[in-house]
Asks: 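Structure provided below as structure tokens; questions to follow.
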Amino acid sequence: MEKEIKELINSLKSYMELEAESGIKEYIFPFSVNCRTINDRKPDDLESLKKEVSDCTGCDLYMTRRNSVFGSGDSKARLMFIGEAPGEEEDRQGLPFVGRAGQLLTKIIEAMGLERKDVYIANVLKCRPPNNRMPLPSEILACEENLKKQIEIIKPKVICALGKFASQTLLRTESSITALRGSFKDYFGTKVMPTYHPAYLLRNPQDKRLVWEDMKKVLRELKG
Ligand code: URA
């Protein structure tokens with residue numbers, strides 16, 4: 001038996017070395033899936049969930065964060081914006097979308113005739129990835145139940161998913177944001193409008209008009 005286990009470990013090791021050579025850098029083990037089941041037992045109120053998130057050590061990002069960034073706004077908002085992950089300024093202040101991209105998001109919200117206090121703003125990841133690198137699949141998986149519970153508590157009528165990561169995570173798809181944006185999708189019975197991320201708009205201002213088209217659809221849905 002011991003010999004068989006050693007052989008199995010050695011063949012797994014060779015397989016993973018081959019995969020590493022071809023660029024596979026990370027595996028998600030069934031262990032994480034078990035963690036998700038445990039994570040499903042989350043508090044049912046926003047303040048307790050926020051406290052749990054501030055103490056969270058579910059992935060390595062707790063080691064480098066200054067503050068966790070849970071979310072802000074109206075806990076009964078009908079419209080929820082979901083971004084990718086906190087950046088430097090968000091990590092410093094413990095608030096979502098307070099840097100340059102955040103200022104643009106504020107303008108978008110105001111152009112819709114709303115204020116930040118009328119909506120709820122959160123991110124897929126609650127802690128900043130170092131140097132603003134992209135979120136890792138394992139980090140998204142570790143944090144996913146926090147977002148899911150947050151949405152369950154707030155119960156928005158419409159979710160606006162900002163950018164590729166939020167859209168792909170919520171909708172469990174690998175389709176591009178360009179393909180996804182512009183029409184409503186479903187997240188467990190809640191309408192989701194994927195649109196471009198404000199940080200993308202800072203680099204590609206010509207696409208602001210597409211986001212405005214998406215926001216008009218969101219407003220119509222909220223009024224309808
Ligand atoms: N980008 C995000 O996706 N979220 C923030 O909070 C800030 C920038």
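All ligand and atom numbering here is 1-based and tracks the order in the structure. Atom set for the values below is all heavy atoms of this structure, side chains included, hydrogens, waters and symmetry mates excluded. Source: prediction; values computed, not measured.
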Asks: Nearest protein heavy atom to atom 4 (N) of ligand 1, by residue and atom, and its distance?
Replies: N123 OD1, 2.7 Å

Asks: If we only count heavy atoms from C-beta on, is the V192 to D186 side-chain gap below 4.5 Å?
Replies: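 Side-chain contact under 4.5 Å: no.
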
Asks: Where's the contact between E84 and ligand 1, heavy-atom distance under 4.0 Å: side chain, backbone, both or neither?
Replies: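 Within the 4.0 Å criterion, E84 contacts ligand 1 through backbone and side-chain atoms alike.
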
Asks: Is the shortest side-chain N to carboxylate O distance from E145 to K42 below 4.0 Å?
Replies: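 A salt bridge is absent here (no side-chain N lies under 4.0 Å from a carboxylate O).
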
Asks: Determine, step by step, whether D118 and R78 satisfy the salt bridge (Lys or Arg N to Asp or Glu O under 4.0 Å) criterion, reporting the C-alpha distance in whole Å, the side-chain angles of both residues, the deciding distance to 0.1 Å, and the verdict.
Replies: CA-CA 8 Å; D118 301 325; R78 298 173 74 235; over 6 Å; no

Asks: Provide the number and element of each atom of ligand 1 under 4.0 Å from a heavy atom of H197.
Replies: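 Numbered from 1, ligand 1 contributes 1 (N), 2 (C), 3 (O).
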
Asks: Please could you name the atoms of ligand 1 that G83 approaches to less than 4.0 Å, counting only its heavy atoms?
Replies: 3 (O)

Asks: Is it true that S176 and T178 share a donor-acceptor pair across their side chains at a distance under 3.5 Å?
Replies: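 Result is no, nothing qualifies.
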
Asks: Work out whether the distance between some heavy atom of A85 and some atom of ligand 1 is less than 4.0 Å.
Replies: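 Contact present.
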
Asks: Within 45° of the axis and under 6.0 Å from the centre of the six-membered ring of F70, does NZ or CZ of K50 qualify?
Replies: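 Judged by the rule, K50 and F70 form no cation-pi pair.
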
Asks: Identify whether NZ of Lys or CZ of Arg in K208 sits under 6.0 Å from the centre of the six-membered ring of Y196 and within 45° of that ring's axis.
Replies: no

Asks: Mark up the atoms of ligand 1 that fall under 4.0 Å of a heavy atom belonging to P96, in ascending order.
Replies: 6 (O)

Asks: For ligand 1 and F97, I'd like to know whether there is a polar contact (N/O to N/O, distance under 3.5 Å).
Replies: yes

